[in-house]
Amino acid sequence: VDALVEAGGSLLHMERYEQAWEKFSRAVRLDRENIHALRGKKDAAKALGRDAEVVETADAILELKPDDWGVLEEMGDALENMGNHSGAVRFYSRILEEGKRSKKENARLLKKRGWVFLGMEKYREASEDFQKAAAVDEKDAEAWEGLGRSLSSTGDFKKALEAFDRSLEVDEKNPEVWVARGLALE
């Protein structure tokens with residue numbers, strides 16, 4: 001198993017993801033509790049865009065290490081990629097509720113969850129997440145953009161324009177924010 005994991009790691013490093021995935025998969029079949037084999041298989045599946053396999057393998061890792069925040073986040077990302085918005089929110093929320101990450105890491109997760117809420121048309125929740133993220137870093141153009149989009153979706157165009165302007169203060173060349181701002185003016 002160790003030789004397979006080592007070979008898979010080398011292949012992963014060389015960006016030979018399919019071959020790495022095969023090595024790690026064989027290692028997992030031989031030892032379903034080998035955390036290194038599981039992590040390698042997950043990483044190779046992620047590189048190959050196989051979100052269902054990322055979820056399956058991340059689930060096996062979480063059975064062994066339920067507080068692995070990185071794997072919880074990757075699980076949320078994979079579920080979001082698969083269109084399982086409520087699943088993604090559940091995993092991002094679980095990490096945020098633990099409160100064991102830095103403010104900057106939490107802001108990044110709040111933005112991820114905010115975009116998911118926005119896609120779910122849960123604008124109030126999205127606004128709350130983007131506001132919290134912007135409070136951590138007032139120069140976070142993405143947080144201000146997300147706040148502007150969520151406020152615009154609720155019809156609060158005045159506050160949406162203020163948020164878009166804050167985003168543009170940081171990144172004045174973002175065409176998507178200019179378009180969103182223009183739509184809020186209509």
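The analysis underlying the following values was restricted to heavy atoms, covering all of them including side chains, and did not include hydrogens, waters or symmetry mates. Model, not experiment: these values are computed from the prediction. Along the sequence shown, residues carry numbers from 1.
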- Would D2 and N34 satisfy side-chain contact (heavy atoms from CB on, under 4.5 Å), going step by step from the backbone distance to the final call? CA-CA 9 Å; D2 291 340; N34 185 308; 4.2 Å; yes
- Query: Checking salt bridge (charged side-chain N to carboxylate O under 4.0 Å, His left out) for the pair E125/R113: CA distance, chi angles, key distance, verdict?
  - Reply: CA-CA 9 Å; E125 292 91 338; R113 191 173 71 177; over 6 Å; no
- For E145 and R149, run salt bridge (charged side-chain N to carboxylate O under 4.0 Å, His left out): C-alpha distance rounded to whole Å, both residues' side-chain angles, the deciding distance at 0.1 Å, then the answer. CA-CA 6 Å; E145 176 189 357; R149 289 180 183 275; 2.9 Å; yes
- Message: Determine whether K23 and E18 satisfy the following criterion, salt bridge (charged side-chain N to carboxylate O under 4.0 Å, His left out), listing intermediate values before the conclusion.
- Response: CA-CA 9 Å; K23 296 286 185 194; E18 186 66 43; over 6 Å; no
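With respect to R166 and E138, a salt bridge is recorded, a charged nitrogen being found less than 4.0 Å from a carboxylate O.
Around the CD atom of E176, the shell of radius 6.0 Å holds no more than 12 heavy atoms that belong to other residues, nucleotides or ligands. Counted within 6.0 Å of NE2 on H36, heavy atoms from surrounding residues, nucleotides or ligands total 12 or fewer; the atom is thus considered open. Within a 6.0 Å sphere centred on CZ of R101, heavy atoms belonging to other residues, nucleotides or ligands number more than 12. Around atom CD of E33, no more than 12 heavy atoms belonging to other residues, nucleotides or ligands sit under 6.0 Å away. Heavy-atom neighbours of E98 CD from other residues, nucleotides or ligands within 6.0 Å: above the threshold of 12. Surrounding NZ of K111 are more than 12 heavy atoms belonging to other residues, nucleotides or ligands, all under 6.0 Å away.
Counting heavy atoms from C-beta on, the side chains of R39 and K65 come closer than 4.5 Å. Within the 4.5 Å cutoff, side-chain heavy atoms of F24 are placed close to those of L12. Side-chain contact between L110 and L96 is present, with at least one heavy-atom pair separated by less than 4.5 Å. For the pair L109/D129, no side-chain contact is recorded, criterion being any heavy-atom separation below 4.5 Å from C-beta on. L4 has its side chain out of reach of V1: every pair of non-hydrogen atoms, C-beta onward, lies at least 4.5 Å apart. Contact of the L151 side chain with the E162 side chain is not registered, since no non-hydrogen atoms from C-beta on lie closer than 4.5 Å. In this structure, R181 and L168 have side chains that are in contact, with non-hydrogen atoms separated by less than 4.5 Å.
In terms of heavy atoms, H85 sits closest to V116 at O-CG1, 3.6 Å. Across E74 and V54, no two heavy atoms sit closer than the pair O-CG1, 4.3 Å. A160 and S152 get closest at one heavy-atom pair: CB-N, 3.6 Å. The two residues F164 and A184 make their nearest non-hydrogen contact at CE1-CB, 4.1 Å. The two residues G8 and A20 come nearest to each other via the heavy atoms O-CB, 3.5 Å.
Here the CG atom belonging to D156 is positioned 8.5 Å from the OG atom belonging to S127, to the nearest 0.5 angstrom. Considering CE of M75 and CG of D68, their distance stands at 11.0 Å, rounded to 0.5 Å. Residue Y123 holds its OH atom at 4.5 Å from OG of S153, rounded to the nearest 0.5 Å. The distance from atom CD1 of I95 to atom CG of L72, rounded to the nearest 0.5 Å, is 5.0 Å. Interatomic distance, L161 CG to L185 CG, rounded to the nearest 0.5 Å: 5.0 Å. Distance check, rounded to the nearest 0.5 Å: CD of E53 to OG of S25 gives 6.5 Å.
A distance-only check finds a donor-acceptor pair linking the side chain of Y92 to the backbone of D77 [under 3.5 Å]. Panel note: side chain S167, backbone A163; no donor-acceptor pair is recorded below 3.5 Å. T57 contributes no side-chain N or O that, together with a main-chain N or O of K42, makes up a donor-acceptor pair within less than 3.5 Å. No donor-acceptor distance shorter than 3.5 angstrom exists from the side chain of E63 to the backbone of A60, with no hydrogens or angles considered. Distance alone, capped at 3.5 Å, places no donor-acceptor pair between the W21 side chain and the L48 backbone.
E80 and W115 form no side-chain donor-acceptor contact under 3.5 Å, judged by distance and modelled atom types alone.
Linking Ile, Leu, Val, Met, Phe, Trp and Tyr whenever their side-chain heavy atoms come within less than 4.5 Å leaves L38 and L30 in two separate clusters. In terms of hydrophobic clustering, with Ile, Leu, Val, Met, Phe, Trp and Tyr side chains grouped at heavy-atom distances under 4.5 Å, V71 and M82 are assigned to a common cluster. In terms of hydrophobic clustering, with Ile, Leu, Val, Met, Phe, Trp and Tyr side chains grouped at heavy-atom distances under 4.5 Å, V136 and L147 are assigned to different clusters. In this structure, L118 is not a member of the same hydrophobic cluster as V179, with clusters built from ILVMFWY side-chain heavy atoms closer than 4.5 Å. Under the 4.5 Å side-chain heavy-atom criterion for ILVMFWY residues, a single connected hydrophobic cluster contains both V5 and Y17.
Paired with E128 under the rule side-chain hydrogen bond (donor to acceptor under 3.5 Å, both in side chains), one option of R124, Q131, K132 passes, and it is R124. The salt bridge (Lys or Arg N to Asp or Glu O under 4.0 Å) test with E73 singles out one residue from R108, K46, R94, and that residue is R108.
Between W144 and F130, the distance from one ring center to the other does not fall under 6.0 angstrom.
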